[in-house]
Structure formats: C-alpha cells, structure tokens
Amino acid sequence: MPVHNDEIAAAFDEIADLLSLSGENQFRIRAYRRAAQTLRALPDDLAARLASGFDPDRLPGIGTDLAGKIREFVATGRCKSLEALRRSVPAGLRELLALPDIGPQRARALYEALGIHDLADLRAALDQQRIRLVPHFGARLEERLKKSLEARGERSHRILWSVADGYAQGLRRFLAAIPGVAQVEVAGSYRRGRDTVGDLDLVVAARAGVDVDRALRGYDEVASVLASGRTRSSVVLRSGLQVDVRVVPPASFGAALYYFTGSKAHNIRLRTIAVARGLKVNEYGVYRGRSRIAGETEESVLAAVGLPYIAPELREDRGEFDAAAARRLPDLVTLAQIRGDLHAHTRATDGTASLEDMVAAARRAGLRYLAITDHSKYLGAVHGLDATGLSRQIDQIEALAQRTRGISVLKGIEVDVLEDGSLALPDPALARLDLVVGAVHSQFGLSRKQQTDRLLRALDRPYLSVLAHPTARLIEQRPPIDCDWRLVFRRAAERPCLLELNAQPARLDLDDVLAREAAANGVLISLASDAHRTEDFALLEGGVRQARRAWLSAAAIANTRPIGELRRLLRRTFLK
Ligand code: DGT
Ligand code: CA
Ligand code: CA
C-alpha cells in the first residue's frame, strides 16, 4: 500500500506531540513539526520520488535523522521510534492537546497531579471540580476547559460549509424538479452561513398531494431513511450527512423557511416578541387568535411583529432583535462591494500559478486590485522568499504592473511572525513593499500570556499592514491560539494594522464573533482569499458570508475601498 505524505506528516506530528508530553527539548520537537509541514506542502507523493532515487534530506528542514524515518516509513509503513514513544506515553494524553487551553505542560501537570489519562478522565475531574486544585489551574481555567470540551463534542460531526454546499445544491435542484413543487430553499445553519454545518434542512413549498417524501427516497445518494411522512422526511446520505426536508403549502413557505432557518435561540426570542403583541408564530404562519395574518414570505412574518427584515446570517440571538427594533441593523457587506484582495500566493512559493496568471484570474473575478503576498523564507514548509528572492519578485511585479490594465498589483509578503514577535525578514527587506502581511505559522501552543505578548510585539514592528488568519485555527483540525484578543484589537486599531478575515473554508479566521469584536474595537478588516490557485478568488464569497455573520458593513472592510484610498490606508500601516 503506498504511503502518502499526509500519513508521514501525521506520524511526525504525533511524535512531536508525544515528545512534548515527555518534556523533550523544544528544538527536536520543532524539527518534527516543521518536517510535517514540509511534507504536507509537497505537490506530489514523496514515496514516488524516493522510488526514483530522491533523497528526502534534500527537502528544507529535513536532516539525516528524519530522512531515515521517512525512508523507514515508506518502506515498511511503520516508524519504530513512534511506536516506542506510544508505549511510554499514555495514549489518551495526546487527546488533551486538542483542547485550546491545554499544551504539553498542562497535560503533564494534569496527569501527574490527578492521574488524568484522557478526555474521559478530564471530563470526570471537571464534573467533580477537581481541576482547580491543580497548582496554576484555578476555577476560571476549569470553566474554559468545560466549554471547550462541550464545543468539541458538538463539533465532532460537523462538516465545513463549503462541503455541505456541494450536497445542498444537488438536493435543491433535485427537489425543485419534482412536479408540483413551487419553491425550495436550504434553511438551517447552512442558510445562516455558519462555517460548519451539522445537517441540512430543506424547506419545500408544494401543492397538496405532491409526494415529496417518496421522491426524496429515490434520490440516488440516499443511504438510509430515518423518518418518512407527508410533511417531514429525514434521510442519511451515503456520505453520512443527515438531510431533513419539510414540506408546506406555498402560503406558509415564508413562515416555514423562517422557522427552519433558526437559530433555535433566535426563534425562541421571536416567539416571545410575538406573544407580547398578542400573536403566535409557528412554521405555518403568524396568527392572531385563529386568523392567520402572515406567512407567505419571511418579510411578512417579521412585519407582522413590527420588525424590518433580518438577514439569516444575523439570526443567532446576538442582539439582532434590539438592533432591528431600533432600526439600526447593519448594512451588511456584499460580494459586489469587495474591490480587491490583499493576500495571494504564486508559484514563487506555495501557489500553483504564475504571477501573471494569478493577476489575470483576479481581474476576471472582477477585482480591481490584488496584493501578491508569497511566503517569507522562515516557514520550513515551502521554499519561502529571502530578501534577495523578494527583491527579485518586487521587480517582476513592478514590470507586470506597468503592462497590466484594469487591475492594480500591489507588492506584498506573507512574513512569519516568529515566537518572539519579530518578523522573519529584516526591516530593510520590507521597505519597498506596499504592504506586509504577518502571520503565525508555528508555536501554536504557547500560553495565553506568551501568545498575546508575541502578537503585541509583532504589532510594534515598523512594517506590518495586516495580521493574517490571526487565530491560526484550522476548523476541525487545529484549535485557535490562546490570546487576549481585546488587547490585540486595541493595539491593532491604534497602530493601525488591519486584521484579516481569511476566506479559506477551513480557516474563516477571524471567525464571526472575533471579527465583530475587532470591528467594534475600531479595527479595519482585510477580507482576503489567501488564494493559492487561480480558482481561489471564488472563496471570497465564503469570507463575505462570515463577514456578514460578524455584522460587518462595507465600511468595516478595507478592501471595499477604491485603490487610491486603500494605498493611503496601507501607507499609514508603515510606521516610518
Ligand atoms: P446544525 O444542523 O447543528 O448545523 O444547526 P441548525 O441550526 O441547522 O439546527 P437543526 O438542523 O437542528 O434545526 C434547524 C432549525 O430548525 C433550527 O435552526 C431552528 C429550528 N428548530 C429546530 N428545533 C427547534 C426547536 O426545538 N425550537 C425552535 N424554536 N426551533 C427549532
Ligand atoms: Ca441543520
Ligand atoms: Ca436538522
């Protein structure tokens, strides 16, 4: 069986985790982490390269020792030293590292003080309030751990919005084609634009007598049927995704769409408001006594309780009713308002397309400006640019900008924010750029204090225009870094430095809650694709969805500005 890069990378990450749990020195641990990153970023399978005589120690950050392990893994599918480590460290201890507040030191402290071996032990200790007894832990950390454990349970079977979208579109088309079906919408968390989706909820308006349930059971992706009936069906697709379908008469479509869009908390609040006005709301309409006064459209439902339209992205019971009642709902940003993109890669580092092709693709996507921000040298995962490489790219961009019409090309870099908050390239190398995008790509597990200091120090560097994907989370794969965001937001606002809302589907970072808080603290947002391929500018749409969930209007987003204004803004981010 061929061994894929991902599997070797996962083994190296596991070794790094286990080494850190056994208190091994940081240098060795980092070497494994960097090697894992390198492997994940390779465009082709290393096993195939080895077969044709390639020596893995020619890869950046991979020395003889790691090269030997790669060869062993490719040849035998195993890694003996990993197996030895697994025997010496309790298996479940590594699970603890997946929690945002727990790094190796805390995991070991829990193990030594309370004999906590795994998440189940942790859960029990939390229930018994024993965690606060461990030195340096305390009741507040206990509370946070409880929350992240709950969030984890909820998260484990959620899929990315972008993945759900593939299923949703197919289902919508299928249901819409059933004779007698008037309207179909995908509701639930999908419609609210949450970054992950638990299951899909579709609302169908159909004439009486149309058997939507039977048609659905004939959909070729259906693996099993959970519930079946005239008005509601639930099925599970082959992928494991659950789909709930509700069928209502056309006159109730708005009310049903409203009800099944949720969120639950939003619905409950709406019902309370209705009750205070002597009305009743359910999935069939709004009622005064027995008479139905609204329900055909969502607007009619809200109007019946005296409110203007509330966009689905806002329906989380996070203040939208008060804002609606005061007629102060935000004028939410739209994709059409995004004029440019401040984060994109080319083949010069880990992108797949040339500078020229990326710029042409951005123009085709309707953008008026594009910043090229390839990686700096430090990140072991890719062939990053050093000062000389960057200088050469700057020349290329200037030459290209000269002969390009219809789109402005900005000179940038995505430079690593190192552990001490310094940047991976010296200031003079950055001075010729239009913008500097800083990003954390390593040392995700630092304590809250260390991580906050790191970002605050980065924000004191003379050249820093944008902090990219600030929390460094990867949905379902890596928790956000721990940080006192309020301090970072305040510093970013006064400096100024933009904070990014990265539109990669697994990042969507800042998330909705933090992006809203950042904007409330006066921070301007860069809504960026982080494109690595020419197709990636389409990802901006998902970023806009998250921005809308964050209550952002065009004014809160830097790259809705015309190029002249944007350039002035970027110049202010350079402190000298
Ligand atoms: P998910 O599937 O976990 O990503 O999240 P949702 O929001 O799609 O939740 P889901 O699929 O359980 O239900 C879809 C919508 O139906 C939900 O957002 C609001 C509505 N709903 C479900 N259960 C209740 C309920 O008990 N009360 C009220 N008022 N609404 C509910
Ligand atoms: Ca759902
Ligand atoms: Ca559902």
Side-chain angles (χ1 to χ4, degrees), residues 150-172 175 184-205 212-213 216 219 222-229 231-237 239-248 252-276 279-287 295 298 301-302 304-305 307 310-318 320-321 475-476 505-506 508 511-513 542 545-546 548-549:
E150 278 161 21
R152 208 184 128 80
E154 183 201 331
R155 233 182 18 223
S156 54
H157 40 264
R158 303 186 67 82
I159 58 173
L160 293 182
W161 190 96
S162 56
V163 176
D165 187 41
Y167 297 104
Q169 296 312 328
L171 274 158
R172 188 219 295 264
L175 293 171
V184 182
E185 278 298 340
V186 188
S189 53
Y190 170 90
R191 183 156 179 257
R192 300 198 310 281
R194 277 194 62 177
D195 44 30
T196 62
V197 168
D199 69 12
L200 285 176
D201 307 277
L202 287 102
V203 180
V204 176
V212 174
D213 181 69
L216 176 67
Y219 188 56
V222 169
S224 64
V225 177
L226 299 176
S228 187
T231 59
R232 53 165 65 201
S233 322
S234 275
V235 298
V236 178
L237 303 184
S239 64
L241 179 64
Q242 183 176 327
V243 179
D244 297 337
V245 176
R246 318 286 166 141
V247 186
V248 294
S252 292
F253 185 71
L257 180 59
Y258 207 96
Y259 183 88
F260 293 112
T261 295
S263 64
K264 194 170 161 181
H266 176 93
N267 286 352
I268 290 170
R269 173 90 39 158
L270 176 67
R271 209 175 311 146
T272 315
I273 292 170
V275 166
L279 302 172
K280 199 182 105 189
V281 184
N282 62 27
E283 60 264 54
Y284 294 101
V286 184
Y287 296 82
E298 287 194 317
V301 171
L302 285 165
V305 297
L307 293 174
I310 302 174
E313 294 93 333
L314 299 181
R315 299 182 197 166
E316 297 289 351
D317 191 22
R318 293 177 183 158
E320 65 274 21
F321 284 112
I475 297 175
E476 301 283 307
L508 291 166
D511 72 10
D512 46 358
V513 173
R545 203 175 301 116
Q546 186 82 301
R548 291 168 63 89
R549 286 181 58 81

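Numbering of ligands and ligand atoms starts at 1, following listing order.
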#### Entry: OG1-CZ distance between Thr231 and Arg246, expressed to the nearest 0.5 angstrom
8.0 Å
### Query
If you measure from each non-hydrogen atom of Tyr259 to ligand 1, which part falls under 4.0 Å: side chain, backbone, both or neither?
both
### Query
Which ligand 1 atoms, with their elements, are less than 4.0 angstrom from a heavy-atom of Val197?
4 (O)
### Task
With heavy atoms under 4.0 Å as the rule, classify the contact between Arg158 and ligand 1 as side chain, backbone, both or neither.
side chain
### Query
Hey, which atoms in ligand 1 end up nearer than 4.0 Å to a heavy atom of Gly188?
8 (O)
### Query
Is the Lys NZ or Arg CZ of Arg315 less than 6.0 Å from the centre of Tyr258's six-membered ring, within 45° of the axis?
yes
### Any Glu283 side-chain heavy atom under 4.5 Å of Val203 side chain
no
### Query
Of the choices Gly262, Ala265, Ala187, Ala256, which has the non-hydrogen atom that lies closest to atom 17 (C) of ligand 1?
Gly262
### Task
Number the atoms of ligand 1 from 1 as they appear, then name those within less than 4.0 Å of a heavy atom of Asn267, with their elements.
19 (C), 20 (C), 29 (N), 30 (N)
### Message
Quick one: does any side-chain atom of Trp161 pair with a main-chain N or O of Val197 as donor and acceptor, under 3.5 Å?
### Response
no
### Query
Are His266 and ligand 1 in contact, using a heavy-atom cut-off of under 4.0 Å?
no
### Query
With no hydrogens and no angle check, is any side-chain donor or acceptor of Asn267 less than 3.5 Å from a backbone partner on Tyr259?
yes
### Task
Measure Asp201 to ligand 1 on non-hydrogen atoms and call it side chain, backbone, both or neither using the 4.0 Å cut-off.
side chain
### Query
So does Glu320 pair up with Arg192, basic N to acidic O under 4.0 Å?
no
### Query
For the Ca ion (ligand 3), how many protein N, O or S atoms come closer than 3.0 Å?
4
### Query
Any salt bridge between Arg194 and Glu316, counting N to O under 4.0 Å?
no
### Message
Testing the basics here: between Ser189 and Gly198, what is the closest heavy-atom pair and its distance to 0.1 Å?
### Response
OG-N, 4.1 Å
### Query
What pair of heavy atoms forms the shortest contact from Asp199 to Leu241, and how long is it?
CA-CD1, 4.1 Å
### Task
Report yes if some N/O of Arg271 lies less than 3.5 Å from some N/O of ligand 1; otherwise report no.
yes
#### Entry: Atoms of ligand 1, numbered as shown, that sit under 4.0 Å from any heavy atom of Arg192
7 (O), 18 (O)
### Message
Has Arg158 got a side-chain atom pairing as donor or acceptor with Thr196's backbone, closer than 3.5 angstrom?
### Response
yes
### Query
What atoms in ligand 1 come closer than 4.0 Å to a heavy atom of Thr261?
18 (O)
### Message
Please check if the number of heavy atoms outside Arg269 that lie under 6.0 Å from its CZ is greater than 12.
### Response
no
### Query
Does Ser189 approach ligand 1 within less than 4.0 angstrom via side chain, backbone, both or neither, non-hydrogen atoms only?
both
### Summary
Counting from 1 in the order shown, the ligand 1 atoms closer than 4.0 Å to a non-hydrogen atom of Asp199 are 2 (O), 11 (O)
### Task
Grab the two heavy atoms, one from Asn282 and one from Tyr284, that are nearest each other, plus how far apart they are.
OD1-N, 2.7 Å
